[in-house]
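Worksheet: one structure, shown below.
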Amino acid sequence: MRFTCSSCHVSTPADPRVWRCVQCGGPFEIATRKAFAAESIDARSPSLWRYRSAIALPEGGPMVSMGEGMTPLVATDFGGRRVHFKLEYLAPSGSFKDRGTTVLISALKGWGVERAADDSSGNAGASFAAYAAHAGIHAEVFTPAHASPAKLAQIEIFGATLHRIEGVRAKATEALEAATREGMVYASHAWSPFTLEGTKTVAYEIWEQLTGRASDTAALAVGGPDYYVSPIGQGSLFLGAYRGFKDLQAAGAISRLPKLIGVQSAGCPPIAEAVRKGLERAAPIQQQPSIAEGIALARPIRDREILAAIQETDGTAIAVSDSEIHAARHALARIGLFVEPTSAVVGAALLRLSLQGTVVAVLTGSGLKSPV
Ligand SMILES: [Zn+2]
């Protein structure tokens with residue numbers, strides 16, 4: 001297996017110790033991505049591994065799975081319209097991150113890695129710790145000291161070594177990058193191309209669930225949603241969905257891409273700002289505190305691809321305030337959907353925007369992670 005740099009396009013053998021391009025520092029892509037084919041879905045598998053034929057992994061590696069994926073798609077009235085909510089918070093560790101982690105940890109296991117680290121403000125760290133524990137890999141998680149206590153407790157209970165780093169989120173990443181220079185395998189959910197191999201399956205599932213039958217291609221051609229609404233932090237679920245919908249379009253399963261709507265907090269809106277200003281890359285921003293801590297990332301690594309996906313699909317990105325997030329979290333709970341504040345940004349966007357047609361919105365993290 002080989003990786004290709006998404007910036008300078010240099011190709012290199014895939015290696016767990018090399019987490020980004022050594023030439024230019026850009027993020028890697030898997031050199032040969034696999035195609036989606038409806039007839040290759042393993043309908044007996046109740047997890048995202050039903051799409052195994054479309055997921056790239058190192059040769060001969062195992063699948064480290066806890067039944068992630070195939071989350072419910074629930075149609076309900078919200079904000080005066082019908083919305084299909086994809087309940088990603090029902091994953092094994094309580095967030096959508098498990099989609100990427102199952103593929104990333106499978107790759108590490110296939111490579112024989114016994115100890116690896118990630119940096120995270122919470123959900124990715126908890127997911128990483130859970131799957132590493134399941135695979136028998138020792139996890140080290142670098143996290144800001146101010147991250148949610150419930151999330152830190154969740155990371156620790158899986159047996160991971162937790163490094164609490166004082167200062168802003170970027171300090172945790174700096175501390176981990178220093179550890180990698182001493183030989184630590186940096187299994188970054190944000191940098192690894194395996195993450196997107198997992199998150200792209202959310203689009204496949206939405207397509208299967210909206211259309212009902214995987215094998216009936218005639219009915220499926222009209223089956224895609226008109227809008228896909230998702231939070232954007234690093235953008236792994238947003239970009240994964242984009243890639244998944246592109247795969248579906250290439251396979252003739254949907255006739256057009258949904259408009260992709262990304263939602264950020266007003267405290268940290270680099271993508272929304274770039275859309276507003278018509279930029280191709282996110283510019284540095286002045287970060288403010290927000291209750292949506294899980295998407296407070298000032299410099300998304302794959303900003304260029306996120307912005308290109310928004311433009312290609314005639315989508316947009318917006319920023320919502322903490323008071324809108326509070327109100328949306330409450331409104332979602334009053335229809336039985338209990339999510340953490342970061343995930344409620346999607347509800348806030350639905351309450352503000354007027355979207356017509358089939359709307360799918362992803363609810364990414366459980367309310368139990370941040371109950372108050
Ligand atoms: Zn490069």
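No experiment lies behind these values; they were computed from the predicted model shown. Residue numbers start at 1 and run along the sequence shown. Whatever order the structure lists them in is the order used to number ligands and atoms, beginning at 1.
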Establish, from distance only, whether the side-chain atoms of Thr358 and His84 form a donor-acceptor pair under 3.5 Å. no
Verify the distance criterion only: is there a donor paired with an acceptor across the side chains of Thr71 and Lys86 at less than 3.5 Å? yes
What do the steps show when you test Glu140 against Arg115 for salt bridge (Lys or Arg N to Asp or Glu O under 4.0 Å), and what is the final call? CA-CA 8 Å; Glu140 304 212 13; Arg115 185 166 162 262; 2.9 Å; yes
Lys34 atom NZ, neighbour heavy-atom count above 12 within 6.0 Å: yes
Ignoring hydrogens and angles, tell me if any N or O in the side chain of Gln154 forms a donor-acceptor pair with the backbone of Ser93 under 3.5 Å. yes
Between Phe194 and Trp111, is the gap from one ring center to the other below 6.0 Å? yes
Which of the protein's N, O or S atoms come within less than 2.8 Å of the Zn ion (ligand 1), not counting waters? Cys5 SG, Cys8 SG, Cys21 SG, Cys24 SG
